[in-house]
Q: 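Supplied in structure tokens, the structure appears directly below.
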Amino acid sequence: DLRLLLVVRTLPWRALPGAIANPYYVYLSEVMLQQTTVPTVISYFNRFITKWPTIEAFSRATLDEILLEWQGLGYYSRAKNLKLAIEKIIKENRFPQSHEALIHYPGIGDYTSKAIASICFDQPVLPVDGNVIRVFARIFNISTPLPALKKEIIIKAEQVGAGKRPGDFAQALMDLGSLICKPKNPKCDECPLMSLCDGYKNKTYQSLPVRLEKINKPMRYGTAYVIQNHGQIIIEKRSDKGLLANLWGVPTSGWNLFLKDEKKIGNAQDKERVKHVFTHFTLYLDIHYIKIFPCEVVKLKSNQKFVTLDEIQNYALPTLMKKIVQKLDL
DNA sequence: CTCCGGGGTT
DNA sequence: AACCCCGGAG
């Protein structure tokens, strides 16, 4: 039977043996883990629960305060959704407990709703994340390529069931995926499920799960403007929609696609250019340094302000903008 | 340097 | 199907 596994890892959001998991901790950590690895999440998570120990405390934080703590984690709309969902929960005065109830909150989908329901409330559901997909694809030797594979595994997981301790089963399966049944060089000789693994039996496990073609990312380029005056620079708050929404950074030009035969980028030195990779394109920004003369009058847009390098710590900057600011020596 | 993993929304 | 970001592995 698949449902005989031990939870291996101790993590700050996990309950001690015999204790009940804190839904706020599990929810917060799951959202962070949607985009980042465990070692990175641990420090972010600890800062969050120190600053906001309960969902009540969290619900009183502004989006700007949350983004300041979230900076560097990426996928910034998740911080916004987390805030919206927690405000809703506080208003309702009750933490939703079932997969069906949870899935209607912003930013909570199939995986996160099942993770919270099973880990915190012992609901009989199995969250299917990348680890579970990989483990199931190998155990049952399924060669359906991603992303279609995911739906197949979700159905398979419903058939397998969640056992008597759904939360432990879910976490054990994810631990197995991350520590033993790894994407590369899995430790099959240490695996408690070796004897029932069809992928191991058929020696297909290394190539599972199968994923379809990867497409080349297009490149974009533009200019970032570092506008200085007396040890201060101009930063601006980005729009509340689209890429890096609600975050701060130096002003930039538009980010243009390279035309097919266009000369790539200029001959700027490393110090004057940053490269940053997003999900669907790679960005190159040449940095232009502009000094304002004392007699010049600068008219700032409503979303712009002058700040010193010290003051910039109080604004949420994405990693792209940190790369630029770190080069500065005012 | 390049590649890749990781859920949810629209 | 496209969009949303970053860090770790190799």
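Reminder, nothing fancy here: chain letters follow the sequence lines and each chain counts from 1. Predicted model only: the values in this text are computed from it and were never measured.
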Q: Got a sec, which residues hit ring pair (Phe, Tyr, Trp, His ring centres under 6.0 Å) with Y25(A), two or more places apart in sequence or on another chain?
A: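 With sequence neighbours excluded, Y25(A) shows a ring pair (Phe, Tyr, Trp, His ring centres under 6.0 Å) to F45(A), given in chain and number order.
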Q: Could you pull out all donor-acceptor pairs under 3.5 Å where a side-chain atom in residues 96-123 of chain A meets a protein atom, sequence neighbours excluded?
A:
residue	atom	partner	partner atom	Å
S98(A)	OG	A101(A)	N	3.0
H99(A)	ND1	S113(A)	OG	2.9
H104(A)	NE2	E100(A)	O	3.3
Y105(A)	OH	E92(A)	OE1	2.5
D110(A)	OD1	K114(A)	NZ	3.1
D110(A)	OD2	K114(A)	NZ	3.4
Y111(A)	OH	E30(A)	OE1	2.7
T112(A)	OG1	Q34(A)	NE2	2.6
S113(A)	OG	G109(A)	O	2.7
S113(A)	OG	D110(A)	O	3.0
S118(A)	OG	K114(A)	O	2.8
S118(A)	OG	A115(A)	O	3.2

Q: What is the distance from CD1 of I108(A) to C1' of dT10(B), rounded to the nearest Å?
A: 18 Å
Q: I need the NZ-C1' distance between K241(A) and dT10(B), as an integer number of Å.
A: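 Taking atom C1' of dT10(B) as the reference, NZ of K241(A) is at 13 Å.
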Q: Take nucleotides 3-10 of chain C nucleotide by nucleotide from the 5' end and write B, S or -, depending on whether a protein heavy atom sits under 4.0 Å from the base, only from the sugar-phosphate, or from neither.
A: SBBBSS--
Q: Under 4.0 Å from OP1 or OP2 of dG6(B): is there any side-chain N or O of R134(A) that close?
A: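 Checking R134(A) against dG6(B): at least one side-chain N or O falls below 4.0 Å of OP1 or OP2.
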Q: Between D168(A) and R14(A), does any NZ, NE, NH1 or NH2 come within less than 4.0 Å of an OD or OE carboxylate oxygen?
A: no
Q: In this structure, is the centre-to-centre distance between the rings of F281(A) and F278(A) below 6.0 Å?
A: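 Here the rings of F281(A) and F278(A) have centres that are less than 6.0 Å from each other.
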Q: Nearest whole angstrom, please: distance from the C1' of dT9(B) to the CG of L84(A).
A: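 From L84(A) CG to dT9(B) C1': 13 Å.
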Q: For DNA chain B, whose closest nucleotide is more 5', that of I103(A) or that of L33(A)?
A: L33(A)
Q: What is the separation between atom CG on L146(A) and atom P on dG6(B), rounded to the nearest whole Å?
A: 10 Å
Q: Can you measure L208(A) atom CG to dC4(B) atom P for me and round it to whole angstrom units?
A: 16 Å
Q: In whole Å, I'd like the distance from the CG atom of D110(A) to the P atom of dT9(B).
A: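 From D110(A) CG to dT9(B) P: 11 Å.
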Q: Could you name each residue pair satisfying ring-ring contact (aromatic ring centres under 6.0 Å, His included) that touches residues 291-330 of chain A, not counting sequence neighbours?
A: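 Matches after skipping sequence neighbours: W248(A)-Y315(A).
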Q: Between atom CD in Q34(A) and atom P in dG8(B), what is the gap in whole Å?
A: 5 Å
Q: On the nucleotide dG5(B), are OP1 or OP2 found under 4.0 Å from the side-chain N or O atoms that R211(A) carries?
A: yes
Q: Is K275(A) touching bases, backbone alone, or none of the nucleic acid, heavy atoms closer than 4.0 Å?
A: sugar-phosphate
Q: Could you tell me which residues satisfy salt bridge (Lys or Arg N to Asp or Glu O under 4.0 Å) with K237(A), sequence neighbours excluded, listed by chain and number?
A: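 Partners of K237(A) by the salt bridge (Lys or Arg N to Asp or Glu O under 4.0 Å) criterion, ordered by chain and then number, come out as D64(A).
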Q: With a cut-off of 3.5 Å and sequence neighbours excluded, list every side-chain donor-acceptor pair involving residues 139-146 of chain A.
A:
residue	atom	partner	partner atom	Å
N141(A)	OD1	T204(A)	OG1	2.6
T144(A)	OG1	E152(A)	OE1	2.8

Q: In whole angstrom, what separates I133(A)'s CD1 from dG8(B)'s C1'?
A: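 So the two atoms are 13 Å apart, to the nearest Å.
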